[in-house]
Number of protein chains: 2
Amino acid sequence: MATLKQVAAHAEVSVQTVSNALNAPHRLRPDTLERVTRSIELLNYRPNRNARSLRTSAVELIGYCVPSWPDGQAHLVMDQFLHALCTAAENTGRHILLFTAPTGLDGMPVYDDLHARRLVDGFVLSQTETHDPRHGWLKEQRIPFVSFGRVWQQTTQPGPYVDVDGASGCATATRHLAETGRRRIGFLGWPRTSGLAEDRLSGWRRACQQLGLPTDGLAVHCPEDTLDAGADATAELLDATEPVDGIVALSDVLALGALRELARRGLTAGTDVGLTGFDDSPLASVVSPALTSLRQPMDRIATALIAILTATPGDGAEPAAPADRLLQPELVIRGSSAPG
Amino acid sequence: MATLKQVAAHAEVSVQTVSNALNAPHRLRPDTLERVTRSIELLNYRPNRNARSLRTSAVELIGYCVPSWPDGQAHLVMDQFLHALCTAAENTGRHILLFTAPTGLDGMPVYDDLHARRLVDGFVLSQTETHDPRHGWLKEQRIPFVSFGRVWQQTTQPGPYVDVDGASGCATATRHLAETGRRRIGFLGWPRTSGLAEDRLSGWRRACQQLGLPTDGLAVHCPEDTLDAGADATAELLDATEPVDGIVALSDVLALGALRELARRGLTAGTDVGLTGFDDSPLASVVSPALTSLRQPMDRIATALIAILTATPGDGAEPAAPADRLLQPELVIRGSSAPG
DNA sequence: CTGAAAGCGCTTACAG
DNA sequence: CTGAAAGCGCTTACAG
């Protein structure tokens with residue numbers, strides 16, 4: 001492995017000049033730059049990142065805690081997110097360092113340690129929970145971070161974030177069902193203690209109200225995000241005196257539960273009942289009829305996360321406008337919401 | 001941030017002694033160690049990893065290329081694999097660095113660069129293709145790596161690997177179907193140019209022969225790993241003069257295609273036809289009936305990968321026996337193979 | 001068992 | 001525009 005010194009000797013300049021050729025080429029005279037560049041290529045020189053990091057105390061590495069899930073509950077769009085995050089990081093010359101940590105406050109010593117030992121410059125948080133305690137802790141420790149997802153605090157969000165506009169997404173899905181002729185559209189949600197659930201619910205309610213459609217008794221709060229819960233809630237909506245003809249589900253899993261319950265009753269999604277999910281997970285295109293779902297714009301999310309995390313205070317690209325932090329999901333229309 | 005120097009001053013010893021307290025505590029007198037340890041804790045000292053890496057030229061980081069998939073084709077068990085890999089790496093004091101690269105030989109400059117700049121010590125390869133060119137290239141460059149998956153070369157495997165015993169797994173699945181009363185068991189595979197497909201096919205064939213069951217005309221090679229391909233192949237097996245009553249599918253996706261085709265014909269998996277998949281992906285437990293599938297032992301795979309990659313030549317833990325490199329998948333039995 | 005010193009490979013004021 | 005020198009925070013032979 002060639003070093004800076006060897007390149008300098010080969011090009012007959014000082015090491016400082018070689019360093020400049022790499023990091024501030026405009027400081028060199030064109031002919032010097034040319035000569036140094038040739039030596040660099042000839043010797044196949046690559047700067048040692050550890051030496052650089054030691055000097056600059058920036059490692060260009062971003063920590064991401066790989067979520068663990070209770071048995072079977074896979075994170076269905078994680079590979080999309082990770083790929084997007086990786087690409088966005090690489091576009092700024094950085095990389096993602098993966099680690100595991102206990103959930104909640106118990107995991108914070110791990111974050112602290114990675115930062116203190118200078119394995120990472122900062123963190124991207126995801127799997128953000130309602131009232132997630134990590135954000136406040138990191139902020140207090142002055143450890144750089146950015147969150148995918150809001151903590152849904154009453155007060156202000158502790159630290160920067162990017163999120164998907166779930167309310168707007170569910171409103172879009174609701175309007176879509178209305179446009180395909182549905183007049184009684186139910187909502188499959190989670191318990192109201194979840195900020196995310198509340199947000200998506202509000203979008204459905206707002207759209208219904210604007211369209212003059214009923215909402216009373218049409219929102220069911222599933223105790224957990226499982227097929228069974230989704231199926232049970234769907235049964236409830238179908239057994240009502242006035243059954244629904246459309247269902248906006250807060251997640252693909254709940255929507256799949258709805259799909260199962262419909263099939264069990266001999267009903268067809270898309271024909272008898274319009275149905276939409278959320279996340280556009282791999283499950284959505286696998287079922288039959290395929291599931292209409294709201295896709296999170298992972299590339300834009302990742303780019304925004306990295307941009308915020310790596311923004312140097314005072315470079316003008318300061319506090320992103322709220323609109324930049326709340327990205328719109330895209331409705332991917334499939335058979336489950338075909339015109340009835 | 002406290003440095004070694006500051007800790008040394010506080011404990012009234014040399015920096016060398018503090019370093020030893022951390023890396024070779026047995027060299028210190030107990031009372032010295034005690035005093036130094038107290039200073040370390042008091043000052044909340046954490047060794048700077050960059051300085052250490054610069055000196056030792058080992059970064060304790062392992063590169064993993066996050067796969068990108070053509071639209072929709074998600075890597076359904078990637079989150080399981082990544083979590084296991086992360087945990088295994090952390091158990092040896094290491095971490096995973098994520099990166100993206102073009103597939104095949106085109107990506108090798110990225111690997112080379114990460115290694116040359118000392119961002120990683122080596123690589124874990126997955127998504128190993130039949131005749132994967134990466135292995136030979138890395139070996140030639142003397143860049144440390146270990147592969148999840150075999151390259152299926154005629155000659156010897158270039159470099160160390162860990163893999164799942166697909167042949168044995170499919171034999172197990174076949175015997176399982178036979179035990180539940182199936183007598184005519186088909187196989188849903190991929191084209192025979194795939195080493196992995198050939199391996200799994202051989203397990204099915206071997207088991208059928210041992211059980212005295214027919215195999216002639218019962219293996220279908222699906223052109224691609226999609227639901228449609230699986231459904232078409234299943235139709236072929238069911239439309240034969242003597243239709244099958246059992247199906248071993250090489251992947252969960254193909255099995256899901258089979259499930260769809262069965263349902264379309266009013267047949268029920270588990271009752272009319274026994275069916276198994278491979279991977280135990282999140283899809284398996286979501287469909288109805290749920291899919292019996294072969295689960296890859298991710299924790300053991302990851303542990304073996306890291307152990308092989310980080311084995312220092314000459315520490316006795318040398319060449320793993322073939323048995324340690326070929327792990328057995330576990331048959332997770334669900335409704336699709338319920339006794340008929 | 002403990003310490004003084006060199007050095008890993010860079011970057012960065014500071015001179016010239 | 002270019003160079004000599006200091007220093008980032010560690011570890012590692014080498015003495016004592």
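Proteins get letters first, then strands, A, B, ... in listed order; numbering begins at 1 in each.
- Minimum atom distance to the side chain of A/Thr56 is reached by C/dT12, of the listed D/dT11, C/dG9, C/dT12.
- Close to C/dT11, at under 4.0 Å from its OP1 or OP2, lies a side-chain N or O of A/Arg52.
- Contact check on B/Glu34 versus B/Arg38 returns a salt bridge, with a Lys/Arg side-chain nitrogen under 4.0 Å from an Asp/Glu carboxylate oxygen.
- Under a 4.0 Å N-O distance rule, the pair B/Asp113/A/Arg46 qualifies as a salt bridge.
- Distance from the side chain of B/Asn48 is smallest to D/dG9 among C/dA13, D/dG9, D/dC1.
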- [ ] Would you sort out whether A/Arg325 and A/Tyr161 count as a side-chain hydrogen bond (donor to acceptor under 3.5 Å, both in side chains), showing the intermediate values?
- [x] CA-CA 6 Å; A/Arg325 322 204 133 202; A/Tyr161 70 90; 5.9 Å; no
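- Close to C/dC8, at under 4.0 Å from its OP1 or OP2, lies no side-chain N or O of B/Ser53.
- Rounded to an integer number of Å, the gap from B/His26 NE2 to C/dT2 C1' is 14 Å.
- Closest approach to the B/Leu4 side chain among D/dC10, C/dA4, D/dG9 is made by D/dC10 (side chain taken as heavy atoms from C-beta onward).
- Proximity of A/Arg27 to the phosphate of D/dT2: no side-chain N or O atom is located under 4.0 Å from OP1 or OP2.
- A/Leu28 comes within 4.0 angstrom of the backbone, heavy atoms only, and of no base.
- With rounding to whole Å, B/Lys5 atom NZ is found 15 Å from D/dT11 atom P.
- The side chain of B/Ser19 places an N or O atom within less than 4.0 Å of a non-bridging phosphate oxygen (OP1 or OP2) of D/dT11.
- For A/Phe148, the ring-ring contact (aromatic ring centres under 6.0 Å, His included) partners at least two apart in sequence or on another chain are A/Phe81.
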Task: Pairing string, 5' to 3', for DNA chain D - Watson-Crick or wobble contacts under 3.5 Å, brackets [ ] where pairs cross, | to another strand - done: |||.||||||||.|||
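- Within the nucleic acid shown, A/Asn23 comes within 4.0 Å of sugar-phosphate atoms alone, with no base atom in reach, counting heavy atoms only.
- Map B/Ala51 and B/Val15 each onto its nearest nucleotide of DNA chain C; the residue landing nearer the 5' end is B/Val15.
- Backbone-only engagement by A/Thr32 is indicated by non-hydrogen atom pairs under 4.0 Å involving sugar-phosphate atoms exclusively.
- Heavy-atom minimum distance, B/Leu309 versus B/Phe123: CD2-O, 3.8 Å.
- Paired with B/Val66 under the rule side-chain contact (heavy atoms from CB on, under 4.5 Å), one option of B/Thr100, B/Leu82, B/Ile96 passes, and it is B/Thr100.
- Rounded to whole Å, atom P of D/dG9 lies 17 Å from atom CZ of B/Arg49.
- Here the closest non-hydrogen pair linking B/Gln127 and B/Asp132 is O-OD2, 3.9 Å.
- Between the CG atom of A/Leu119 and the C1' atom of D/dC10 there is a distance of 14 Å, rounded to whole Å.
- Atom CZ in A/Arg55 sits about 16 Å away from atom P in D/dA5, given to the nearest Å.
- Taking atom CZ of residue B/Arg35 and atom C1' of nucleotide C/dG3, one finds them 13 Å apart after rounding to whole Å.
- The B/Thr3 side chain lies nearest to D/dG9 when the options are D/dG9, C/dC1, C/dC14.
- An OP1 or OP2 oxygen of D/dT2 is reached within less than 4.0 angstrom by no side-chain nitrogen or oxygen of A/Thr17.
- For D/dT2, neither phosphate oxygen OP1 nor OP2 lies less than 4.0 angstrom from any side-chain nitrogen or oxygen of A/Asn20.
- The side chain of A/Gln16 lies closest to C/dC14 when the candidates are C/dC14, D/dG7, D/dT11.
- Here C/dC8 presents its P atom at 13 Å from CG of A/Leu54, a figure rounded to the nearest Å.
- Among the candidates A/Pro144, A/Pro160, A/Ser147, the single residue satisfying the side-chain contact (heavy atoms from CB on, under 4.5 Å) test with A/Ile308 is A/Pro160.
- Distance, A/Asn50 CG to D/dG9 P: 15 Å, rounded to whole Å.
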